[in-house]
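To start, the structure itself, in structure tokens.
It should be emphasised that the depicted structure is a prediction, and the values quoted were computed from it without experimental measurement.
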Amino acid sequence: MDQPAAAPIMAAPAAADPYAETRNHMVDSQVRPNKVTDARIIQAMRRLPRERFVPPNLAGVAYIDDDLPLGDGRALMEPMVIARLLQLARIRPGERALVVGAGTGYGAALMAACGAVVTALEQDARLLGIARLALRDAAPAVRIVEGPLAAGLADGAPWDVIMIEGAVQEIPPAISAQVRTDGGRLVTVLARTSGAGQGVLAEARPGADGRTAMRPQAEFDCATPLLPPLLAAAGFSF
């Protein structure tokens, strides 16, 4: 099936971009071989300057096949994991999307490139500083909000798509309640420890009692660090 056209991303000309070859190598060796077929995501990852979404001292390793530690237990997800989560979300142009734990803004920028109207929620002031600079140049349409992650963002709910950018042990009920009940989706990584986990897609479906419930479905195995601000925000179990 043809994918919708990707939203334009501002990027430096290839001749002036020292990371262009590295970026293409990341896509061709890490992303495409791992069942990522959405052309919008592939195109965005070839163009988005991932090195600008990390502290300057990590720019040289921004494209490695691993999570990048950002300090205080936070990390930038490895390229394959963030790409597969976005693909699970099945974003349609114009949908309203919330990224919880947006960190430095890379996932939000990718989501915007798929055509979503994106709000990035983050509570860490240091990471927000990086995100504001990176998104200003790479994805200026992304709305940035500072606030506690466990509460989600009621201002704007219900959301068509929510992505929790990091692993959680359980999905906080305040966040799952903000997904649109008619066709809304939530994607994240569920993990009992900071080791192995599973990328999941949760959709609102009727439960046995007739009430709407978010039912996560495991889609692929992966490992990514737990998101510290959500460790105590227990909701439903997987």
Side-chain angles (χ1 to χ4, degrees), residues 3-71 74-91 97 99 101-116 118 120 127 130-131 133-139 142 163-167 187-189 194-199 219-225 227:
Q3 298 290 350
I9 300 174
M10 300 170 64
D17 184 354
Y19 289 95
E21 183 177 350
T22 306
R23 195 173 299 121
N24 283 325
H25 180 72
M26 173 193 73
V27 172
D28 292 333
S29 65
Q30 301 176 37
V31 178
R32 293 179 61 202
N34 282 289
K35 301 181 180 179
V36 178
T37 58
D38 189 320
R40 301 169 299 172
I41 298 171
I42 292 171
Q43 180 186 22
M45 295 187 87
R46 289 193 189 281
R47 299 178 61 190
L48 268 176
R50 186 173 164 94
E51 73 278 2
R52 298 184 194 172
F53 291 87
V54 297
N57 64 304
L58 293 179
V61 293
Y63 295 94
I64 64 172
D65 187 13
D66 203 352
D67 303 295
L68 289 178
L70 300 173
R74 299 296 298 275
L76 176 61
M77 276 186 176
E78 68 174 280
M80 180 276 288
V81 176
I82 191 70
R84 293 202 65 177
L85 284 181
L86 284 170
Q87 185 163 271
L88 279 184
R90 306 189 309 272
I91 296 166
V99 181
T104 59
Y106 184 70
L110 287 172
M111 189 173 280
C114 291
V118 182
L127 299 182
I130 298 173
L133 287 175
L135 291 171
R136 180 191 64 189
D137 296 330
V142 173
M163 178 172 68
I164 300 176
E165 196 171 337
V187 294
T188 189
V189 173
S194 58
Q198 293 178 310
E219 299 288 345
F220 64 96
D221 295 332
C222 62
T224 201
L227 194 56

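For the pair Gly166 and Thr224, the tightest heavy-atom approach, listed with the atom from each and the gap, is C-CG2, 4.3 Å. Of all the heavy atoms in Ile164 and Thr188, the pair that sits closest is O-OG1, 3.1 Å. Residue Asp67 comes nearest to Ala223 through the heavy atom pair OD2-O, 3.6 Å, listed as atom of the first residue, atom of the second, then distance. The nearest pair of heavy atoms linking Pro49 to Ala138 is CD-CB, 4.3 Å. Taking both residues in full, the closest heavy atoms of Ala108 and Glu165 are given as N-OE1, 4.3 Å, listed atom of the first, atom of the second, then distance. Shortest non-hydrogen contact noted between Ala62 and Val54 is CB-CG2, 4.3 Å.
Note that the CG atom of Leu135 and the CD1 atom of Ile130 stand 11.0 Å from one another [nearest 0.5 Å]. Atom-to-atom distance recorded for Gln43:CD and Leu110:CG is 11.5 Å, nearest 0.5 angstrom. Arg52 contributes atom CZ, which lies 10.5 Å from atom OH of Tyr19 (distance to the nearest 0.5 angstrom). With rounding to the nearest 0.5 angstrom, the CZ atom of Phe53 is 14.5 Å from the CG atom of Leu58. Atoms CG and CG, on Leu68 and Leu76 in that order, are 5.5 Å from each other to the nearest 0.5 Å. Annotation: the span from Met77 atom CE to Asp66 atom CG amounts to 12.5 Å, rounded to 0.5 Å.
At least one side-chain heavy atom of Met45 sits less than 4.5 Å from a side-chain heavy atom of Tyr106. A heavy-atom distance below 4.5 Å is found between the side chains of Arg74 and Leu227.
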Using atom types as modelled, flag every donor-acceptor pair under 3.5 Å from a side chain in residues 78-89 to any protein atom, sequence neighbours excluded.
residue, atom, partner, partner atom, Å
Gln87, OE1, Thr37, N, 2.7
Gln87, OE1, Asp38, N, 2.9
Gln87, NE2, Lys35, O, 2.8

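Put simply, the residue from Glu51, Arg50, Arg47 that forms a side chain to side chain contact (heavy atoms under 4.5 Å, CB included) with Arg23 is Glu51.
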Please evaluate residues Arg46 and Asp28 with respect to the criterion side chain to side chain contact (heavy atoms under 4.5 Å, CB included), reporting the C-alpha separation (whole Å), side-chain torsions for both, the decisive distance (0.1 Å), and the verdict.
CA-CA 9 Å; Arg46 289 193 189 281; Asp28 292 333; 2.7 Å; yes
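Arg32 CZ: 12 or fewer foreign heavy atoms inside a 6.0 Å radius.
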